Amino acid sequence: MKRPIAYIAGTGRGIPARVMTNHDFAALGIDTSHEWIVERTGIMERRIASDSESTCSMAADAARTAMARAGVAPGEIDAIVMSTATPDRLLPSTAVDLQAELGATRAAAFDVSAACTGWIYGMTVAEGLMHSGVIQTALVVGAEKMSSIVDWQDRSTCILFGDGAGAVVLKRNKSQATKGILSTFIRSDGTLAELLWRPSGGAKHPFSQDVLDDRSSYVRMAGRETFRHAVRSMSEACERALDGAKLRADDIDILIPHQANIRIIESTAKYANVPMEKVFVNVDRYGNTSSASIPIALDEAVESGRVKEGTTALLVAFGAGFTWGSMVVRF
Ligand code: COA
């Protein structure tokens with residue numbers, strides 16, 4: 001096991017107040033039912049941002065809590081690594097808006113695009129910058145306003161997603177420390193990009209009346225294929241992170257998987273040989289918040305005492321790209 005370079009010094013989340021239950025889809029004319037959604041996904045409700053809430057504002061809420069808990073002032077942040085699939089605007093990055101909002105004047109700020117795996121990618125990048133000595137303190141945020149990119153006429157996708165943000169302060173360890181990130185693993189397969197994507201609205205097919213008419217700027221997904229790849233890839237990622245940390249499944253106190261679907265979570269836990277009692281689940285209350293899902297779950301796990309000093313956690317994610325990744329963290 002390598003000496004951990006970086007440790008998580010504080011966590012936080014930024015969650016919109018508005019709750020949308022499965023029953024609320026009826027009012028939108030969506031042909032679905034609470035029973036169908038719960039049986040297929042485990043989702044009971046999700047949070048939906050108001051018009052005045054943005055990816056940046058949710059990120060700022062999460063970041064302020066994480067910084068307060070870490071005892072870190074905005075001026076001490078060297079880098080803001082923001083993962084989002086829903087930037088507030090396409091140029092510049094949402095990370096620089098967050099920097100301005102927080103007054104983190106010394107930081108280098110940039111977005112990472114790896115969909116639901118984005119926060120794991122962001123953590124890996126931030127840890128790498130610490131390893132090379134470029135930075136000492138980073139804010140790693142996952143923030144998503146998924147309600148702005150889902151097709152509210154497509155019942156197979158709009159029921160799945162929700163809004164929110166999660167953040168951690170990552171700090172460089174002193175030389176003899178034993179807590180922190182013990183291993184990371186990231187991977188992608190771009191040949192599968194069109195199983196979960198937004199066909200238009202970017203540089204190749206910019207917005208036009210046709211794009212608006214055919215709704216091709218919204219998320220499209222091949223549900224069954226995505227499900228199959230998610231289970232396979234997250235299982236592989238669990239194994240890789242455990243190997244990297246020279247640990248076995250038994251050594252893990254808590255598994256915090258990306259919260260996409262309870263059936264994906266259960267299958268992943270089974271393949272990873274982690275009993276469900278050790279798995280953190282909040283997909284029932286938030287749905288899939290993309291790259292915000294793991295840092296939100298981690299923050300709740302810290303707050304409830306399930307993650308405390310000495311806890312060894314396995315974090316694992318999967319998302320569009322496809323991308324997947326994992327890490328083992330000792331607290
Ligand atoms: N309510 C009611 N029926 C619905 C529905 C909804 N919200 N969405 C789809 N259906 C219908 C379909 O139209 C289909 O009907 P048909 O058989 O008459 O054509 C039927 O349910 C089965 O559809 P299918 O897509 O095969 O269902 P499924 O069991 O695969 O469940 C998902 C659909 C989306 C819940 C499931 O595929 C899934 O969770 N995939 C992974 C999604 C995910 O997590 N993506 C993010 C990864 S980061």
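The model shown is predicted, which means the values in this text are computed figures rather than measured ones.
A donor-acceptor pair shorter than 3.5 Å can be found between the side chains of Ser156 and Asp154. Remark: the Thr124 side chain and the Glu127 side chain contain no N/O donor-acceptor pair separated by less than 3.5 Å. Side-chain atoms of Ser291 and Ser83 form a donor-acceptor pair, as typed in the model, at a separation below 3.5 Å. Glu144 and Thr86 share a donor-acceptor pair across their side chains, judged by distance under 3.5 Å alone.
When atom types are taken as modelled, the side chain of Arg46 and the backbone of Gly287 share no donor-acceptor pair closer than 3.5 angstrom. Asp163 places a side-chain N or O within donor-acceptor distance of the main-chain N or O of Met146, the cut-off being under 3.5 Å. Side-chain N or O atoms of Ser57 include one that pairs as donor or acceptor with a backbone N or O of Ser54 at under 3.5 Å. A donor-acceptor pair is defined here as one N or O able to donate and one able to accept, closer than 3.5 Å; such a pair exists between the side chain of Asp88 and the backbone of Cys56. In this structure, the side chain of Glu309 does not engage the main chain of Phe331 through any donor-acceptor pair within 3.5 Å. Listed for the Trp119 side chain is a donor-acceptor partner under 3.5 Å among the backbone atoms of Val140. Asp299 places no side-chain N or O within 3.5 Å of a backbone atom of Gly166 that could act as its donor or acceptor partner. Asp284 places no side-chain N or O within 3.5 Å of a backbone atom of Met44 that could act as its donor or acceptor partner. A distance-only check finds a donor-acceptor pair linking the side chain of Arg106 to the backbone of Gly75 [under 3.5 Å]. No donor-acceptor pair under 3.5 Å is formed between the side chain of Glu45 and the backbone N or O of Thr21.
Of all heavy-atom pairs between Lys145 and Ser50, the closest is NZ-O, 3.6 Å. Residue Ala269 comes nearest to Val279 through the heavy atom pair CB-CG2, 3.8 Å, listed as atom of the first residue, atom of the second, then distance. When all heavy atoms are compared, the tightest approach of Val150 to Tyr218 is O-CD2, 3.5 Å. Taking each heavy atom of Ser267 and Val231 in turn, the nearest pair found is CB-CG1, 3.7 Å. In plain terms, the two heavy atoms of Ala85 and Ala115 that are nearest each other are CB-CA, 4.5 Å. The minimum heavy-atom distance between Ala114 and Thr323, with the atom names listed, is O-OG1, 3.0 Å.
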| query | Step by step, would you call Asp61 with Met58 a side chain to side chain contact (heavy atoms under 4.5 Å, CB included)? | reply | CA-CA 5 Å; Asp61 287 346; Met58 293 185 285; 5.5 Å; no
| task | Starting from the C-alpha separation in whole Å, work towards a yes-or-no answer on side-chain hydrogen bond (donor to acceptor under 3.5 Å, both in side chains) for Asp214 and Ser216. | result | CA-CA 5 Å; Asp214 67 15; Ser216 60; 2.6 Å; yes
| said: Is there a side chain to side chain contact (heavy atoms under 4.5 Å, CB included) between Asp251 and Thr312? Walk through the geometry before answering. | reply: CA-CA 7 Å; Asp251 300 319; Thr312 304; 5.7 Å; no
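A 6.0 Å sphere centred on OH of Tyr271 holds no more than 12 heavy atoms belonging to other residues, nucleotides or ligands. Remark: Glu236 CD is packed, more than 12 non-hydrogen atoms of other residues, nucleotides or ligands lying under 6.0 Å away. The 12-atom threshold is exceeded at CZ of Phe185, counting heavy atoms of other residues, nucleotides or ligands nearer than 6.0 Å.
Cluster membership for Ile252 and Leu315, using ILVMFWY side-chain heavy atoms within less than 4.5 angstrom, is not shared. Under the 4.5 Å side-chain heavy-atom criterion for Ile, Leu, Val, Met, Phe, Trp and Tyr, Val328 and Trp324 are members of the same hydrophobic cluster. Note on Val302: it clusters hydrophobically with Phe280, by side-chain heavy-atom contacts below 4.5 Å among ILVMFWY residues. Linking ILVMFWY side-chain heavy atoms closer than 4.5 Å, directly or via other members, places Leu160 and Val38 in two distinct hydrophobic clusters.
Side chains of Leu242 and Leu314 form a contact here, defined as non-hydrogen atoms less than 4.5 Å apart. Between Asn288 and Gln259, the closest side-chain pair of non-hydrogen atoms is not below 4.5 Å. Between Thr105 and Pro74 the shortest side-chain heavy-atom distance does not fall below 4.5 Å. Residues Gln136 and Lys171 fail the side-chain proximity criterion, which asks for heavy atoms closer than 4.5 Å. Counting only heavy atoms from C-beta outward, the side chains of Leu247 and Arg330 approach each other to under 4.5 Å. A 4.5 Å side-chain heavy-atom check between Trp197 and Val219 finds every atom pair outside the cut-off. At least one side-chain heavy atom of Glu300 sits under 4.5 Å from a side-chain heavy atom of Tyr286. Side-chain contact between Thr268 and Cys238 is present, with heavy atoms from C-beta onward closer than 4.5 Å.
The residues Glu266 and Lys270 are annotated as not salt-bridged, no charged nitrogen and carboxylate oxygen being separated by less than 4.0 angstrom. A salt bridge does not link Asp253 with Lys278: none of the charged nitrogens is closer than 4.0 Å to a carboxylate oxygen. Between Arg64 and Glu101 a salt bridge is recorded (basic side-chain N to carboxylate O distance below 4.0 Å).
When ring centroids are compared, Phe322 and His229 come within the 6.0 Å threshold.
From Ile296, atom CD1 reaches atom CD1 of Ile15 across 3.5 Å, with rounding to the nearest 0.5 Å. With rounding to the nearest 0.5 Å, the separation of OG1 in Thr41 from CG in Asn22 is 6.5 Å. The distance from atom CG of Asp97 to atom CE of Met82, rounded to the nearest 0.5 Å, is 8.0 Å. With rounding to the nearest 0.5 Å, the separation of CD1 in Ile181 from CG in Asn173 is 9.5 Å. Remark: Phe161 CZ to Met20 CE distance equals 14.0 Å, nearest 0.5 Å. To the nearest 0.5 Å, the span separating CD1 on Ile80 from OG1 on Thr94 amounts to 11.5 Å.
Scanning for salt bridge (Lys or Arg N to Asp or Glu O under 4.0 Å) contacts around Glu303 gives Arg13, Arg69, with sequence neighbours left out.
Of the residues listed (Leu255, Thr117, Val316), the one engaging Met234 in a side-chain contact (heavy atoms from CB on, under 4.5 Å) is Val316, and it is the only one. Just one residue in the list Val81, Val96, Thr84, Thr55 forms a side-chain contact (heavy atoms from CB on, under 4.5 Å) with Asp111, and that residue is Thr84.
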